[in-house]
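See structure below.
If you read the sequence from its start, that first residue is 1, and numbering goes on from there. Ligands are counted one by one from 1 in listed order, and the atoms in each one are counted from 1 as well. Basis for what follows: all heavy atoms, side chains included, without hydrogens, waters or symmetry-related copies.
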Amino acid sequence: EEVLSASKDMAGQRVLITAGGTREAIDPVRYITNRSSGKMGYALAQEALRRGAQVTLVTTPTGLDLPAGVEAVMVESAEEMRQAVLERFERVDVVVKAAAVADYRPLMQQEQKLKKKTDHLLLELVKNPDILAELGQKKNRQVLVGFAAETNDLETYALDKLRRKNLDLMVANDVTQPGAGFGKDTNIVTIFNRQGEKEQLDLMSKAELARRIFDKVIEILSARV
Ligand code: CTP
Ligand code: CA
């Protein structure tokens with residue numbers, strides 16, 4: 001069955017996927033992060049490999065097993081992820097940004113461990129660069145896929161991000177729905193394209209969702225030639 005269904009329809013395609021939540025250092029022993037598990041990004045990498053693509057996975061430490069055959073690039077902060085992605089962008093055909101990039105990082109990274117002294121401690125944060133928006137500016141032929149996790153006004157925010165970041169596809173999930181969002185093996189998403197069309201998908205495994213996403217990527221690639 002696998003033999004019949006495993007058409008290598010992404011053979012020759014170079015795919016870059018980002019996964020996991022970035023870690024923004026406070027001092028040598030502490031960092032700020034988010035609830036991203038990396039599961040969606042790893043499922044995407046697995047699926048692209050299965051379809052014959054050459055896959056680079058830029059990932060934060062997640063504890064997940066790397067899919068066999070993937071080129072892994074380990075990063076921690078948003079800035080490291082940005083460098084790793086920008087270095088490789090010119091050489092890839094498809095980018096899927098499943099990573100949860102921290103929007104802010106501590107302004108100061110203390111070289112020594114912060115000691116407990118005062119009753120109150122204010123941590124000043126500064127905005128991180130938006131990696132996906134930068135790719136959207138730079139892209140020539142690359143198919144760009146973004147993710148959005150929203151708690152409200154999903155369609156408005158998802159479409160705004162799709163346009164603002166010059167994406168080809170936006171995969172949006174409402175994280176308030178049980179079965180969707182961080183840490184789970186399943187997801188419930190709506191996928192938007194540049195034409196403003198949307199497809200609302202039912203609850204499915206992240207593996208199945210990865211298949212649906214690359215089906216759409218292939219459609220976009222094949223409509224171009
Ligand atoms: N993203 C990125 N770099 C950032 C922030 C986000 O590349 N500094 C990418 C994410 O990987 C994701 C997409 O942008 O594919 C949308 O992320 P999201 O957090 O939903 O959107 P933001 O633009 O950060 O807006 P907000 O968090 O305010 O909703
Ligand atoms: Ca964000």
Report task. Give the residue and atom name of whichever protein heavy atom lies nearest to atom 27 (O) of ligand 1, and the separation in Å to one decimal. Result -> D103 OD2, 3.1 Å
Requested in this report: Might you point out which heavy atoms bring P129 and E134 nearest each other, and give the distance in Å?
Outcome: CB-OE1, 4.3 Å
Requested in this report: Count the heavy atoms of every other residue, nucleotide or ligand shown that sit under 6.0 Å from CG of N140, and state whether that count exceeds 12.
Outcome: yes
Query raised in the report: For ligand 1, is there an N or O atom under 3.5 Å from any N or O atom of N128?
Result: no
Query raised in the report: K97 to ligand 1: N or O pair under 3.5 Å?
Result: yes
Query raised in the report: Should N128 and R82 be marked as a side chain to side chain donor-acceptor pair (under 3.5 Å) after you check the CA-CA gap, both sets of side-chain angles, and the distance that decides it?
Result: CA-CA 10 Å; N128 269 330; R82 174 174 173 269; over 6 Å; no
Query raised in the report: What atoms of ligand 1 come within less than 4.0 Å of a heavy atom belonging to A148?
Result: 20 (O)
**Report entry** Atoms in ligand 1 with a heavy atom of L132 nearer than 4.0 Å
**Finding:** 2 (C), 7 (O), 9 (C), 13 (C), 14 (O), 15 (O)
Query - Numbering as shown, the atoms of ligand 1 that approach A99 to under 4.0 Å (heavy-atom distance) - result: 10 (C), 11 (O)
Query raised in the report: Same hydrophobic cluster for L16 and L86, using side-chain heavy-atom links shorter than 4.5 Å among ILVMFWY?
Result: yes
Requested in this report: Can you sort out which atoms of ligand 1 are near G146, meaning under 4.0 Å from one of its heavy atoms?
Outcome: 15 (O)
Query raised in the report: Hey, quick one: are I213 and V70 part of the same hydrophobic cluster, counting side-chain heavy atoms closer than 4.5 Å, chains of contacts allowed?
Result: yes
Query raised in the report: What atoms of ligand 1 come within less than 4.0 Å of a heavy atom belonging to K161?
Result: 18 (P), 20 (O), 21 (O), 22 (P), 25 (O), 26 (P), 29 (O)
Query raised in the report: Does an N or O anywhere in I131 fall below 3.5 Å from an N or O of ligand 1?
Result: yes
Requested in this report: Answer yes or no: is there an ion pair linking R141 with E90, defined by an N-O contact shorter than 4.0 Å?
Outcome: yes
Report summary line: If you scan protein heavy atoms around atom 16 (C) of ligand 1, the nearest is F147 O, 2.8 Å
Query raised in the report: Going by heavy atoms, is K165 under 4.0 Å from ligand 1?
Result: yes
Query raised in the report: Cluster question for you: counting only ILVMFWY and a side-chain heavy-atom cut-off of under 4.5 Å, with indirect links fine, are L144 and M40 together?
Result: no
Requested in this report: Report, in ascending order of atom number, the atoms of ligand 1 lying under 4.0 Å from any heavy atom of P129.
Outcome: 3 (N), 4 (C), 8 (N)
Query - Any side-chain donor near an acceptor of the partner, Y31 and T22, under 3.5 Å - result: no
